[in-house]
Amino acid sequence: MGPNGSGKSTLANTILGHPAYEVTEGQILWRGEDLTEADPEDRAQAGLFLAFQYPAAIPGVSVANFLRMALNTQREEPINVKEFGAKLKHATGLLHVDREFTSRHLNDGFSGGEKKRCEILQMAMLEPKVAVLDETDSGLDIDALRTVAEGVNTLHRETGMGALVITHYQRILHYVEPQFVHIMLDGRIVREGGPELVTQLEAEGYDWIREEVGALDG
Amino acid sequence: MAATDKTRITKPSPVVEDDQGQLRARTGISREVVEEMSKIKGEPGWLRDKRLKSFEIFERKPVPTWGVDLSGLNFDDLVLYSPPTAGRFNSWDDVPADMKKTYEDLGIPQAEREHLAGVVGVWDNEPVYEGLKEEYAKQGILFCSTDTAVEQYPELVQQYFMTKCVPPQDNKFSALHGAIWSGGSFLYVPAGVKVDLPLQAYFRMEGQGEGTFEHTLIVVEEGAEVNYIEGCTAQTYSVNSMHSAVVEIFVKEGAKARYTTVQNWSKDVYNLNTKRAVVEANGTVEWVGGSMGAKYVMLYPGSFLMGEGARADHLNVGVAGEGVHKDTGAKVVHLAPNTTSNILAKSISKDGGIMGYRGLVRMGHNSRGSKARVQCDGLMMDPISRSDTWPDIQIQNPHVTVAHEAVVGKISDEQLFYMQSRGFSEDEAAAMIVNGFIEPVTKELPMEYAVELNRLIQLEMVGSIG
């Protein structure tokens, strides 16, 4: 969590290797592997996933086709039709997504909520080891939010997937229970704690943290 | 000292035998070459006269100075006609093994077994294999090489061949074509007959410096429907090659014709075709095209909407890479009330390639209530490539609707990163984005062509993101 402009999305994009961001200091280590200079696709292959705040549209490429080809990047042999169908059925069921939705072109003409749901659908299909969810809860109505949160919980339970949930609001945390809460300010993690930190933030805002950090820096 | 055999005086002839004993025209074109060619083919007088008349027009007309740069085109270097030694085969068993192999490489036998209605192969411009499924023959459908049609259906050919649709005087290359055309498909569908499976023909150029000048003539009688597919591939040559085909389609009242072509010419081919349809009342013509390869292309399939309610759909996708300039588009002339046309042109340029859309939409005086929609989308893969749009809209009736939309764009970094974060390499991502871009056209192609086109684009896209 952190106020606007504190660097949350920058962190998310940097973890996945967005070419617009340069790492000037420090390393990205994942299971003993240094991914600091790795291409985004290699990070994906290593098990990282980013649910985008503003996913790009790919006109002419259906959601289903995209998912099938993305799964194939993880395998030697292309996934067979039956296996893919079963997997897709499971994932769309989990996220209450219409099967017809998967024949639409990826993010092309999607509403904000559809885009977010589609990101989580991709996560469910690709089964990453760690998913970064960049404000996936923004712009979702309460039903959609619950569905998305259930999706994250189910994947955590079924596959052991870890999730780094970037959010502004306590809302999603009613449905996803965090083990750790990190507070970012001016590009740094300045506080870490348990779920109780969220309650304090909701009640008092970020000012008290800012003051404490300012006091330390001064 | 060699003795001279005075009993064998060799007469200079424009058609010579090569070292394999194959008849081969000398390079270049002349009145003599045209006459000799017509004689060898055993053609009737009217056709020979048409060739000679076309040749005169060809000589008179200047090489176009608009479109693409044709200054490197040298008619004297081209071998314009080369009859095969093999002749024709009506049965697959009779086709020589090496030819079979090439056909197999092209995927013809499987395709035919599965769902082809008939095949006319054009080998060095000559039909070598002709097949037509019996049920279609029973329905009165004629499908053969145009040369065969000249022999077997002379009245039909004479009625339609280069008369009202594409006359020789249309342009320099249609005139050249009229003089030295050879091969191509003839397709006649009688009134009311609907052909549910596509009819296909494959073309292939063989040998250096040859032009192919196949002539395709399609007549769809009242209320009939047909779907015709032409695919072209060519080997890579070191000298200029030239392709100057003519396609003529007659769509009668209430009839429907779809003409689909996927071309992948080698990178040295000049592709200068004239393709046109004449559509009568409530008839529909659909042009679906994919243009890969080639060096210079000028191609503007035309639709003349002659009767009320006639309709034309033009869908095309073209790719221009390094050293390639394609000037393509469409020409639709609305000459009757309540006619409709829809043009969708998708172009991809990379490595300095130039894609141009040149389109004419004319609403004639009598076109009240007609509608035309033009959409051209250009995708440029790098900053050195080019995408041009040259729309020409002429409106002679105030009660019509014409829409033109042109969008030029490039692949965004956000799209690439998004896809890479899902595990795709940059090249894979670019190929997928491009395949998505052309999807409105490929979804109209038969499966095997769509797959082939997507695969070709994938190959083209390797290393294309700078």
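A, B, ... follow the sequence lines: proteins, then strands. Residue 1 opens every chain.
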TODO: Can you see which heavy atom on Gln420(B) is nearest to which on Ala44(A), and at what distance?
DONE: O-CB, 4.0 Å

Task: Within 6.0 Å of CG in Asp392(B), more than 12 heavy atoms from elsewhere - done: yes

Task: Interface moiety of Ala57(A) toward chain B, non-hydrogen atoms closer than 4.5 Å - done: backbone

Open item on the list: With a 4.5 angstrom heavy-atom cut-off, is it the side chain or the backbone of Tyr54(A) that approaches chain B, or both, or neither?
Closed with: neither

TODO: Supply the atom-to-atom distance Met123(A) CE to Arg422(B) CZ, rounded to the nearest 0.5 angstrom.
DONE: 10.0 Å

Open item on the list: If you count heavy atoms of other groups shown closer than 6.0 angstrom to NZ of Lys371(B), is the number above 12?
Closed with: no

TODO: Inspect the surroundings of CD in Glu322(B) and state if more than 12 heavy atoms from other residues, nucleotides or ligands are less than 6.0 Å away.
DONE: no

- [ ] Write down the atom of Thr73(A), the atom of Glu428(B), and the distance for their closest heavy-atom approach.
- [x] CG2-OE1, 4.2 Å

Task: Neighbour count >12 (heavy atoms, 6.0 Å) for atom NE2, His182(A) - done: yes

TODO: Taking all heavy atoms of Gly436(B) and all of Val61(A), pick out the closest pair and write down the distance.
DONE: CA-CG2, 3.8 Å

Task: Atom group of Gln74(A) that falls short of 4.5 Å from chain B, counting heavy atoms - done: neither

- [ ] Identify which part of Tyr418(B) has an atom lying under 4.5 Å from any heavy atom of chain A, answering side chain, backbone, both or neither.
- [x] both

Task: Which portion of Leu106(A) sits near chain B, non-hydrogen atoms under 4.5 angstrom - done: side chain

Open item on the list: Once rounded to the nearest 0.5 Å, what's the spacing between atom OG of Ser421(B) and atom CD1 of Ile15(A)?
Closed with: 12.5 Å

Task: Minimum heavy-atom distance Phe417(B)-Leu16(A), with the two atoms named - done: CE1-O, 3.5 Å

Open item on the list: Looking at Glu83(A), I'd like to know if its CD atom is crowded, meaning that more than 12 non-hydrogen atoms belonging to other residues, nucleotides or ligands lie closer than 6.0 Å.
Closed with: yes

Open item on the list: Measuring from atom CZ of Phe424(B) to atom CG of Asn72(A), what distance do you get when rounded to the nearest 0.5 angstrom?
Closed with: 8.0 Å

Open item on the list: Working note: Met432(B) + Ile58(A), criterion side-chain contact (heavy atoms from CB on, under 4.5 Å); need CA distance, chi angles, decisive distance, verdict.
Closed with: CA-CA 9 Å; Met432(B) 263 186 104; Ile58(A) 315 291; 5.7 Å; no

- [ ] Can you tell which part of Leu126(A) gets under 4.5 Å to a heavy atom of chain B, answering side chain, backbone, both or neither?
- [x] side chain

TODO: Determine, stepwise, if the pair His18(A) / Glu414(B) fulfils side-chain contact (heavy atoms from CB on, under 4.5 Å).
DONE: CA-CA 9 Å; His18(A) 193 298; Glu414(B) 294 308 320; 3.2 Å; yes

TODO: Would you mind telling me which of Pro128(A), Ala70(A), Ser62(A) has the largest number of heavy-atom pairs within less than 4.5 Å of chain B?
DONE: Ala70(A)

- [ ] Kindly indicate whether the side chain of Glu439(B), heavy atoms from C-beta on, has any atom under 4.5 Å from the side chain of His105(A).
- [x] yes

TODO: Would you mind checking which part of Asp108(A) comes under 4.5 Å of any heavy atom in chain B, side chain (CB onward), backbone (N, CA, C, O), both or neither?
DONE: neither

Task: Residue among Asn65(A), Asp42(A), Asn107(A) with most heavy-atom pairs under 4.5 Å to chain B - done: Asn107(A)

